[in-house]
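Each remark here refers to the structure printed beneath this line.
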2 protein chains.
Amino acid sequence: MSMDPIFRALADPVRRRLLDRLFARNGQTLGELCEGEAMTRQAVTKHLAILEAANLVVSQKRGREKLHFINPVPINEIAERWIGKFEAPRLAALAQLKRKLEGDDHE
Amino acid sequence: MSMDPIFRALADPVRRRLLDRLFARNGQTLGELCEGEAMTRQAVTKHLAILEAANLVVSQKRGREKLHFINPVPINEIAERWIGKFEAPRLAALAQLKRKLEGDDHE
DNA sequence: TGAAAAGGCAACTGAAAGGTTGCATATTAC
DNA sequence: GTAATATGCAACCTTTCAGTTGCCTTTTCA
């Protein structure tokens with residue numbers, strides 16, 4: 001699985017703010033997410049489509065409304081596979097330490 | 001400090017690969033970084049300039065060469081301030097555990 | 001000292017991205 | 001049923017971005 005769409009989706013401040021708002025309150029409709037953004041509904045729709053394509057947001061229809069839910073999995077993947085690499089020593093040491101302390105050393 | 005240039009810099013696969021290569025071997029020259037990239041030297045120069053603007057890479061001249069060094073600080077900031085939010089419980093627990101174990105609880 | 005090596009600068013091009021406008025569709029409420 | 005609400009679709013415009021070409025400057029070395 002490529003991480004390119006994830007990084008691309010995170011590159012825009014509008015989309016990061018949308019994720020922030022969904023993190024603050026999950027399951028918001030398109031109309032709710034449009035409030036506060038200084039652009040048309042269609043522009044927000046496109047941003048949400050990009051977030052969905054990156055699997056950062058999942059949507060679901062309820063009647064005439066469309067609910068949006070944040071999906072933390074890709075962000076965790078970035079943290080673990082990419083960003084984690086740059087602080088690998090520190091985090092690896094911590095994780096190993098944690099395992100040792102929990103007596104959970106099944107490697 | 002805005003994180004926008006950092007996210008923008010990370011949005012391009014070429015720039016992520018350049019960071020990868022600098023992580024594998026730090027202090028490479030422009031010419032070295034051009035090898036393996038299927039584009040002109042000037043294109044790579046532009047990518048490196050974007051990485052420098054985001055403070056992800058620092059450069060230094062040595063004679064007629066330009067050496068490039070990776071700077072992990074902004075990536076850590078992303079990990080801590082933004083991505084960390086989505087896995088705050090886990091990482092916070094780890095950090096607290098670390099402080100406790102180091103007897104370093106000057107809060 | 002002069003040629004090769006390493007890199008810088010600036011203008012140009014093509015494609016993609018962000019945004020808008022206009023209209024269509026589906027659902028709810030009166 | 002019909003009007004308002006919530007959203008979808010598609011064409012278009014404008015700016016940004018990635019990449020190229022051409023030429024210039026600096027440093028090294030024979």
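Per chain, numbering begins at 1; letters A, B, ... match sequence-line order.
For B/K61 against C/dG7, no side-chain N or O and base N or O form a donor-acceptor pair under 3.5 Å. Put simply, the side chain of B/K66 and the base of C/dG8 share no donor and acceptor less than 3.5 Å apart. Counting distance only, with no hydrogens placed and no angle test, the side-chain atoms of B/R64 and the base atoms of C/dA5 include a donor-acceptor pair under 3.5 Å.
Counting any heavy atom pair closer than 4.0 Å across all strands shown, B/L33 reaches no nucleic acid atom. Within the nucleic acid shown, B/L67 has no heavy atom closer than 4.0 Å to any nucleic acid atom.
Formation of a donor-acceptor pair under 3.5 Å by the A/R21 side chain with backbone atoms of A/E32 is found in this model. A donor-acceptor pair under 3.5 Å is absent between the side-chain atoms of B/H47 and the main chain of B/R15, judged by distance alone.
Here B/T40 reaches the OP1 or OP2 of D/dT20: one of its side-chain N or O atoms lies under 4.0 Å away. Residue A/R41 places no side-chain N or O under 4.0 Å from the OP1 or OP2 atom of C/dT20. The phosphate of D/dC17 (OP1 or OP2) has no side-chain N or O of B/H47 nearer than 4.0 angstrom.
One finds no salt bridge joining B/E52 and B/K46 here, because no Lys/Arg side-chain nitrogen approaches an Asp/Glu carboxylate oxygen to under 4.0 Å.
To the nearest 0.5 Å, the span separating CD1 on A/I50 from CG on A/L56 amounts to 11.0 Å.
Each of A/E65 and A/K46 lies near DNA chain C, and the nucleotide nearest A/K46 is the one positioned closer to the 5' end. A residue-by-residue look at B/R62 and A/R8 shows that A/R8 has its nearest nucleotide of DNA chain D further toward the 5' end. Mapped onto DNA chain C by nearest heavy atom, B/T29 and A/A38 fall at different nucleotides, with B/T29 at the one closer to the 5' end.
One atom, CD of A/E35, and another, P of D/dT7, lie 10 Å apart when rounded to the nearest Å. Atom CD in A/Q60 sits about 16 Å away from atom C1' in C/dT27, given to the nearest Å. The separation between B/E37 atom CD and D/dT20 atom C1' is 16 Å, rounded to whole Å. For the pair B/F7 CZ and C/dA17 P, the interatomic distance rounds to 18 Å; values are reported in whole Å. Here the C1' atom of nucleotide D/dA18 and the CG atom of A/D4 are 14 Å apart, to the nearest Å. Atom-to-atom, CE of B/M39 to P of C/dA15 comes out at 17 Å; the value is rounded to the nearest Å. In this structure, A/I50 places its CD1 atom 11 Å from C1' of C/dG19, rounding to the nearest Å. To the nearest angstrom, C1' of C/dA26 lies 14 Å from CG of A/L30.
Ranking C/dT20, C/dG18, D/dC23 by closeness to the B/Q42 side chain, first place goes to D/dC23. In the set D/dA18, D/dG8, C/dG7, D/dA18 carries the atom at the smallest distance from any side-chain atom of B/D12. Taking the side chain of B/R15 as heavy atoms from C-beta on, and the options D/dA18, D/dA6, C/dG7, the nearest nucleotide is D/dA18.
Of all the heavy atoms in B/L67 and B/G27, the pair that sits closest is CD2-O, 3.7 Å.
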From CA spacing to verdict: salt bridge (charged side-chain N to carboxylate O under 4.0 Å, His left out), A/D4, A/R8: CA-CA 6 Å; A/D4 198 57; A/R8 282 211 129 80; 3.0 Å; yes
